[in-house]
There are 2 protein chains.
Amino acid sequence: MITKNCVLTNQEIEDLLVKNGVPATLQRIAICKYVVCEANHPTAEQVFDWAKNNLQKISQATVYNTLGTLTEVGLIRAFRFPHSDKVVYDCNTQDHFHFFDEKTGQLVDVDSSSVKLNIDLPQNYKVHGFDLVFKGEIKN
Amino acid sequence: MITKNCVLTNQEIEDLLVKNGVPATLQRIAICKYVVCEANHPTAEQVFDWAKNNLQKISQATVYNTLGTLTEVGLIRAFRFPHSDKVVYDCNTQDHFHFFDEKTGQLVDVDSSSVKLNIDLPQNYKVHGFDLVFKGEIKN
DNA sequence: TTAAAGTTTAGAGTTATTCTAACTATAGAA
DNA sequence: TTCTATAGTTAGAATAACTCTAAACTTTAA
Ligand SMILES: [Mn+2]
Ligand SMILES: [Mn+2]
Ligand SMILES: [Zn+2]
Ligand SMILES: [Zn+2]
């Protein structure tokens with residue numbers, strides 16, 4: 001139900017990038033490792049903050065470029081949610097939904113298998129997919 | 001299933017505003033009438049464009065202020081969708097969902113009665129509500 | 001009639017993101 | 001080993017969607 005991040009070596013991250021046609025650079029390896037293995041639905045700002053503390057030098061443009069590239073090749077996904085105007089990046093590339101804890105601001109993944117949707121739309125509405133975000137609170 | 005806009009006189013709009021504690025001004029009556037009776041999920045930009053063409057003088061700030069006020073008192077609702085970074089305003093204040101036509105960019109309302117959702121979340125997840133947007137295409 | 005209160009306005013400010021153009025690193029070619 | 005083309009990174013400027021500010025109107029109500 002709740003998905004967790006993987007643990008990958010730098011070499012494995014490098015291979016992942018190259019396999020997806022993205023030449024591996026120091027910056028890309030670091031950012032990719034962070035979003036794929038460590039972060040939970042980070043914003044570009046959070047990735048940039050992390051990168052500033054973990055690389056000797058990094059520019060905002062590189063963070064945005066890299067997140068864009070990783071999204072393009074499908075290594076991560078980008079989501080825009082109703083409660084914020086910042087894009088969040090997600091290492092979970094499966095179809096899935098989200099639960100937004102209104103108290104903490106935390107986003108957690110909800111597997112699509114835990115949701116069943118019955119829709120009654122006109123015949124001529126062809127549904128290609130849907131975005132679903134729960135809002136609420138996680139107790140305890 | 002698909003909701004339509006109402007037809008109201010200026011007087012009725014004025015009453016609606018006053019009843020909701022919003023003193024009626026020329027600008028507010030015009031903007032309120034447009035979003036409540038004419039427009040379909042307009043953005044602030046669209047409301048501003050309409051207002052420029054239909055009032056002798058209007059400022060962007062007034063459009064944003066008025067849309068904010070109307071939203072606060074519950075005469076309209078504000079939505080932020082995954083496909084755009086612009087807020088859209090909605091005269092449909094019932095709980096409902098949306099269908100986004102990926103070809104035309106059009107948004108149409110989907111009554112909540114046409115959707116049945118079965119969720120299987122952990123006990124400690126208290127769901128207060130959810131946002132649901134269908135993406136697809138309306139044929140014909 | 002007049003002053004307080006509320007409303008509108010132009011323009012400045014903010015935030016998230018994208019663009020630009022210069023700099024840097026690197027992989028072959030020579 | 002150079003050289004050089006290509007790709008990647010960078011700082012800072014630009015953009016887009018709002019939001020804020022402070023001055024100018026307008027209305028309200030003594
Ligand atoms: Mn509507
Ligand atoms: Mn923005
Ligand atoms: Zn997710
Ligand atoms: Zn709607």
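Naming convention: chains lettered A, B, ... in sequence-line order (proteins, then strands); numbering from 1 in each chain.
- Ser114(B) places a side-chain N or O within donor-acceptor distance of the main-chain N or O of Asp111(B), the cut-off being under 3.5 Å.
- Checked against the 6.0 Å centroid threshold, His98(A) and Phe79(A) count as a close aromatic pair.
- His83(B) places its NE2 atom 13 Å from the P atom of dA17(D), with the value rounded to the nearest Å.
- Within residues 47-65 of chain B, the residues having any heavy atom closer than 4.0 Å to DNA chain C are, in order of number, Lys57(B), Ile58(B), Ser59(B), Ala61(B), Thr62(B), Asn65(B).
- Using a 4.5 Å heavy-atom cutoff, the side chains of Val87(A) and Thr43(A) are not in contact.
- Going from atom CZ of Arg80(A) over to atom P of dA16(C) covers 12 Å, rounded to whole Å.
- Applying the side chain to side chain donor-acceptor pair (under 3.5 Å) test to every pair with at least one member in residues 69-78 of chain B, sequence neighbours left out, gives no pairs at all.
- The hydrophobic cluster of Tyr64(A) has no other members, since no ILVMFWY side-chain heavy atom comes under 4.5 Å of it.
- At least one side-chain heavy atom of Cys32(A) sits less than 4.5 Å from a side-chain heavy atom of Leu70(A).
- Whole-Å rounding puts the Lys86(B) NZ to dT19(D) P distance at 14 Å.
- Residues of residues 10-35 of chain B that place a heavy atom closer than 4.0 Å to DNA chain C, in numerical order, are Pro23(B), Thr25(B), Gln27(B), Arg28(B).
- Applying the side chain to side chain donor-acceptor pair (under 3.5 Å) rule to pairs touching residues 23-39 of chain A yields Asn10(A)-Lys33(A), sequence neighbours excluded.
- Applying the salt bridge (charged side-chain N to carboxylate O under 4.0 Å, His left out) rule to pairs touching residues 9-25 of chain A yields nothing, sequence neighbours excluded.
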